[in-house]
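Keep in mind that the numbers below use all heavy atoms, side chains included, and drop hydrogens, waters and symmetry copies. Per chain, numbering begins at 1; letters A, B, ... match sequence-line order.
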Amino acid sequence: MLDWKWVRDNREIIITALKNRNTEFDLDELFSLDDQRRSLQQEADLLKQKRNEESKKIGFLKKEGKDTEDLMKNVQNIAEQIKIIDDKLKATEDEWKEKQLWIPNIPHETVPIGQDESCNRVVRSWGKPREFDFEPRPHWDIGEGLDILDFERGSKIAASRFTVLKGLGARLERAIMNFMLDLHTQQHGYQEIFPPFLVNSKAMTGTGQLPKFAEELYKCQDDLYLIPTAEVPVTNYHADEILPDEILPLYYTSYTACFRREAGSYGKDVRGLIRQHQFNKVELVKFVAPETSYDELEKLLANAEEVLKALQLPYRVVALCSGDLGFSSAKTYDIEVWIPSQKTYREISSCSNFEDFQARRANIRYRNKAGKIGFVHTLNGSGLAIGRTAVAILENYQQENGTVVIPDVLRPYMQGLELITPQYRVI
RNA sequence: GGAGAGGUGGCUGAGUGGACGAAAGCGCUCGCCUGGAGAGCGAGUAGGCAGGUGUAGAACUUGUCUCGUGGGUUCAAAUCCCACCCUCUCCGCCA
């Protein structure tokens, strides 16, 4: 959500921003709702003032034992008028607020302008893709060969885009998770959070998944939704709070499973682990003072990159252009890891500064040293997507005979094991 | 799921229809005192929305709303009624 008073004074900036984002939006309707709302409130406030004054008079007169019949009738009259205006005001206000939830964030001035991902800008690359002296196989072949990934049974017990990890596959997933959490908590100063995997609609609205992206979410009963990312519970952790200045910046890291319907991506990445309805992710979330948020974004990005460096996986960092930017984000860097079988870089992390967009929706504020209250800036980024990290490891560390070398930093998490080989086969 | 108790400001906690955005204490801020950010003394200390003044988004000011949330009763609701949410205790169920 944007600062409405600012929106009122900066129409042109919003219109340009919406265009750069390829978003259609009827702002005029919002402005007229706002006008209505303000004049109704003024009307209502005036009547309420009158009612309150007269009502007090009745109190005094009654104590003196005087007749208040006429006055009471009069106030009753005013109260009826108030009710009518208040109802109108509430309806107008509700509509005005609801409509605002559909306006995306304004891209930061450093975001490249462009229609789609072709305009994204490569910021830097790290590591050299390995030269294979054989044709690198896709991870699903490797995984099935080692009997550590079972796609067929995943579909059988759930649906397509669900996978069973087995034996060393499950162990690898757990190793990656623990390695990442240890790195972020012990080296990068993040506090670990293990949140609920179901959240209510208020939380989903707070971070911007609702109302616009309802069809992307799995909805359960009782107003609960499966989280698509830890960003939702962890950012909303401080919803409706005023944080004291001295505890900022707050750094949280959180492992969660993530659940996404992936509606509208029917043809994409149908094979393998790249696009699943359920996947694991270690997330980084920050709450910071506004003036520091772009520095904090760079640091957060560096923290995520550190994981890939430690794993010795080649990657590049891409600054998303305005047309490719997520709804709530003011600026996003994607980290893309090299996938040998596809001979391309694929997204493995997305690091964003939301500025005060989410903070406004979720009402997350802070009090500075002078005692003044303002909205914090929120940031988050994957640190990293675990499934996709496993994909990158399987493919980049594969050997011609189908085994996979375990990256050095993961070996302590796999009881010293150096190589993934077929262990045993039940069937 | 059943029974009971409860939800008040940064915190503790008083308040059962009218002068209550709300006692008292703690905490915090400022001032006095002091060698001293210790003790003592004094003052201040919620947020949202709308309007006005303006060194125009600093400050000041007026009104209004907010005592878990939403309705209702009443001239008037923290206070009475209804529904829901949450917390605690006991029972049931479960891991």
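- One finds a side-chain N or O of A:Arg367 lying less than 4.0 angstrom from the OP1 or OP2 phosphate oxygen of B:G47.
- In this structure, the side chains of A:Arg153 and A:Thr163 stay at 4.5 Å or more apart for every pair of heavy atoms.
- For the C1' atoms, the distance linking B:G6 with B:G68 amounts to 11 Å, nearest Å.
- Between the C1' atoms of B:G2 and B:A14, the separation comes to 33 Å (whole Å).
- Taking side-chain N and O atoms only, A:Lys5 has no distance below 4.0 Å to OP1 or OP2 of B:G57.
- Here B:G63 sits opposite B:C49 as a Watson-Crick or G-U wobble pair (both hydrogen-bonding atom distances under 3.5 Å).
- Separation of the P atoms belonging to B:G15 and B:G7 is 11 Å when rounded to the nearest angstrom.
- For B:C75, the OP1/OP2 oxygens have no side-chain nitrogen or oxygen of A:Asn77 closer than 4.0 Å.
- As rounded to the nearest Å, B:A3 and B:G25 have C1' atoms that lie 36 Å from one another.
- The base of B:C75 lies outside donor-acceptor range of the side chain of A:Glu54, with no N or O pair under 3.5 Å.
- Regarding contacts with the backbone of B:G72, a side-chain N or O of A:Lys83 is found under 4.0 angstrom from either OP1 or OP2.
- Among the nucleotides B:G47, B:G18, B:C65, the one closest to the side chain of A:Arg365 is B:G47.
- For the P atoms, the distance from B:U62 to B:G10 is 22 Å, rounded to whole Å.
- Put simply, CD1 on A:Ile85 is 14 Å from C1' on B:A50, counting in whole angstrom units.
- Applying the 4.0 Å criterion to OP1 and OP2 of B:C75, one finds that A:Gln76 has a side-chain N or O inside that range.
- Using atom P as the reference point in both B:G47 and B:A58, the two lie 15 Å apart (nearest Å).
- B:G9 sits 13 Å from B:C20 when the C1' atoms are compared, rounded to a whole Å.
- The pair A:Asp94-A:Lys90 meets the salt-bridge criterion, since a charged nitrogen lies less than 4.0 angstrom from a carboxylate oxygen.
- With rounding to whole Å, A:Leu89 atom CG is found 13 Å from B:U66 atom P.
- OP1 or OP2 of B:U64 lies within a sub-4.0 Å distance of a side-chain N or O belonging to A:Asn52.
- Spacing between atom CG of A:Asp45 and atom P of B:G52 amounts to 13 Å, rounded to whole angstrom units.
- In this structure, A:Asp240 places its CG atom 18 Å from P of B:U66, rounding to the nearest Å.
- As rounded to whole Å, 13 Å separates atom P of B:A76 from atom CG of A:Leu47.
- No donor-acceptor pair under 3.5 Å is formed between the side chain of A:Thr185 and the backbone N or O of A:Gln191.
- Counting only heavy atoms from C-beta outward, the side chains of A:Tyr251 and A:Glu296 approach each other to under 4.5 Å.
- Listed pair A:Arg51 / B:A76 fails the phosphate criterion, with no side-chain N or O lying under 4.0 Å from OP1 or OP2.
- Using a cutoff of 4.0 Å between basic side-chain nitrogens and carboxylate oxygens, A:Asp34 and A:Arg37 are scored as salt-bridged.
- Aromatic ring centres of A:His238 and A:Phe287: separated by under 6.0 Å.
- Nucleotides B:U45 and B:A24 place their C1' atoms 15 Å apart, quoted to the nearest Å.
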